[in-house]
Amino acid sequence: MIKLVIFDIWNTLAYNPIRIKDEILNLLPLSPDYVQSKLKDLNLGKISDETFFSQLTDNKKIIDTLLIKWKKINKEVRVFEEVNDVLNELRKYKKLALLSNSTSNTLDVLKEKNLFNFFDKIYLSCDYSITKPNIDFFKIITKDFNLNPRECMMVGDRVDVDLVPAKELGFITVLVDRENNKEKSISDFKVNDLRQILSIIK
């Protein structure tokens with residue numbers, strides 16, 4: 001029986017039409033891989049926001065511009081329409097957790113969008129110095145909740161990052177494919193609306 005449902009946040013519960021990576025690449029002649037590597041350091045909590053941008057350029061004007069964009073990004077976040085109803089229903093009879101490769105800004109988003117209180121525990125990579133798809137990140141959750149992996153369900157939009165390590169550990173896995181253009185792959189279930197999870201669990 002599933003006792004704990006674990007959600008990714010980005011493109012699963014919410015999305016941001018503005019991506020800081022795109023904003024950076026629009027302003028600086030950098031490779032996407034290099035920017036992504038620096039973003040990983042940021043998500044691991046290894047560097048501050050200011051250090052992150054200063055490692056990309058020494059142009060203070062561009063750094064200041066990117067910092068302003070970064071601070072405004074949270075305001076652009078949109079929560080998918082069914083999310084609040086689904087989380088409210090699930091928490092009546094299941095434990096809920098959030099697992100995300102994110103900076104501490106994500107906590108602000110969760111609070112601003114009234115999602116924070118739905119979760120029994122929130123796991124952000126910046127707080128644990130570990131990122132998905134490292135299977136140890138998932139093991140932390142089973143240990144904290146004292147659960148067998150088969151009692152856990154992982155819900156996310158990325159097969160490689162969210163579902164492969166969860167499946168390896170023994171979680172039930174759900175691929176969120178809102179545009180219905182992904183293969184089910186190794187996931188146990190595929191949904192395009194989180195309301196479908198309610199019937200899966202029942």
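Nothing here was measured: the structure is a model prediction, and the numbers come from that model.
The CG atom of L42 sits 8.5 Å away from the SG atom of C126 when rounded to the nearest 0.5 Å. Taking NZ of K69 as the reference point, atom CG of L67 lies at 12.0 Å (rounded to 0.5 Å). Taking CZ from F189 and CD from Q196, the interatomic distance works out to 11.5 Å, rounded to the nearest 0.5 Å. For the atom pair CG of N148 and CE of M1, the computed distance is 12.0 Å after rounding to the nearest 0.5 Å. The CG atom of L66 sits 8.5 Å away from the OG1 atom of T57 when rounded to the nearest 0.5 Å. For the atom pair CG of D49 and CG of N105, the computed distance is 5.5 Å after rounding to the nearest 0.5 Å.
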Mind running side-chain contact (heavy atoms from CB on, under 4.5 Å) on N84 and F118 for me, showing each step along the way?
-> CA-CA 9 Å; N84 280 272; F118 284 121; 3.4 Å; yes
Show your reasoning for whether side-chain contact (heavy atoms from CB on, under 4.5 Å) applies to R158 and D8.
-> CA-CA 9 Å; R158 292 276 303 274; D8 168 54; 5.8 Å; no
side-chain contact (heavy atoms from CB on, under 4.5 Å) between I63 and L56, worked out = CA-CA 8 Å; I63 292 172; L56 301 177; over 6 Å; no
Take L98 and L13 through the test side-chain contact (heavy atoms from CB on, under 4.5 Å) and record every step on the way to the result.
-> CA-CA 10 Å; L98 184 116; L13 302 179; 3.7 Å; yes
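One N or O on the side chain of T12 and one on the backbone of D157 form a donor-acceptor pair closer than 3.5 Å. Remark: side-chain polar atoms of S187 are paired, donor with acceptor, to backbone N or O of K184 under 3.5 angstrom. A distance-only check finds a donor-acceptor pair linking the side chain of D177 to the backbone of N181 [under 3.5 Å]. Checking side-chain atoms of N59 against main-chain N and O of I62 turns up a donor-acceptor pair under 3.5 Å. The main-chain N or O of I2 is found under 3.5 Å from a side-chain atom of K94 such that the two form a donor-acceptor pair. Under the 3.5 Å distance criterion, the side-chain polar atoms of E82 are left unmatched by any main-chain donor or acceptor of R195. Not one N or O on the side chain of D41 forms a donor-acceptor pair closer than 3.5 Å with the backbone of K46. Checked by atom type and distance alone, the side chain of N101 never pairs as donor or acceptor with a backbone atom of S125 at under 3.5 Å. Side chain of T106 to main chain of S102: no donor-acceptor pair is present (N/O by atom type, distance under 3.5 Å, no hydrogens or angles). Proximity of a side-chain donor or acceptor of E23 to a complementary backbone N or O of R19 within less than 3.5 Å is not detected.
Annotation: side chain of N16 is in contact with side chain of I73 (closest heavy-atom distance under 4.5 Å). Between I68 and K71 the shortest side-chain heavy-atom distance does not fall below 4.5 Å. Between L147 and C152, the closest side-chain pair of non-hydrogen atoms falls below 4.5 Å. Using a 4.5 Å heavy-atom threshold, the side chains of F7 and I197 count as touching. Inter-residue side-chain proximity for L163 and M154 is flagged as met; some heavy-atom pair is nearer than 4.5 Å. For the pair N11/V176, no side-chain contact is recorded, criterion being any heavy-atom separation below 4.5 Å from C-beta on. Contact annotation: the side chain of L87 approaches that of F119 to within less than 4.5 Å [non-hydrogen atoms, C-beta and beyond]. Between V109 and F116 there is no side-chain heavy-atom pair separated by less than 4.5 Å.
With respect to D188 and K167, a salt bridge is recorded, a charged nitrogen being found less than 4.0 Å from a carboxylate O.
Classified by interplanar angle (parallel below 30°, tilted 30° to 60°, perpendicular above 60°), the ring pair F145/Y123 is tilted. Taking the six-membered ring where the residue is Trp, W70 and F52 present tilted rings, their angle falling between 30° and 60°.
The number of heavy atoms from other shown groups lying within 6.0 Å of NZ (K21) is above 12. Within a 6.0 Å radius of NZ in K95, other residues, nucleotides and ligands contribute 12 heavy atoms or fewer. In this structure, N26 places its CG atom where more than 12 heavy-atom neighbours from other residues, nucleotides or ligands lie under 6.0 Å away. With a 6.0 Å radius and a threshold of 12 heavy atoms from other residues, nucleotides or ligands, K182 has its NZ atom above the threshold.
Closest non-hydrogen pair, V159 versus S185, comes out as CG1-OG, 3.7 Å. When all heavy atoms are compared, the tightest approach of A166 to F138 is CB-CE2, 3.9 Å. The two atoms that bring T103 and L124 nearest to each other are O-CD1, 3.9 Å, heavy atoms only. When all heavy atoms are compared, the tightest approach of I186 to T173 is O-OG1, 4.0 Å. Closest approach of P133 to P165, counting heavy atoms only: O-CB, 3.3 Å. Across every non-hydrogen atom of L99 and I6, the tightest pair is CB-CG2, 3.7 Å.
M153 and F171 fall into different hydrophobic clusters, defined by Ile, Leu, Val, Met, Phe, Trp and Tyr side-chain heavy atoms under 4.5 Å apart, directly or through other members. Note on V83 and L175: separate hydrophobic clusters, where clusters join Ile, Leu, Val, Met, Phe, Trp and Tyr whose side-chain heavy atoms are under 4.5 Å apart, directly or indirectly. Both L107 and W10 are assigned to one and the same hydrophobic cluster, defined by single-linkage of ILVMFWY side chains at heavy-atom distances under 4.5 Å. Criterion: ILVMFWY side-chain heavy atoms under 4.5 Å apart, direct or through other members. Under it, V77 and I122 are part of a common hydrophobic cluster. Connection of I130 to I141 is established within a shared hydrophobic cluster, with ILVMFWY side chains joined at heavy-atom distances below 4.5 Å, either directly or through further cluster members.
F137 does not carry K132 over the face of its six-membered ring by the limits of under 6.0 Å from the centre and within 45° of the normal.
Note on residues 141-156: pairs passing salt bridge (charged side-chain N to carboxylate O under 4.0 Å, His left out), not counting sequence neighbours, are K3-E151, K121-D144. The salt bridge (charged side-chain N to carboxylate O under 4.0 Å, His left out) contacts involving residues 51-61 comprise K60-D64, where partners must be two or more places apart or lie in separate chains.
Between the side chains of T51 and S48, at least one donor N or O sits under 3.5 Å from an acceptor N or O.
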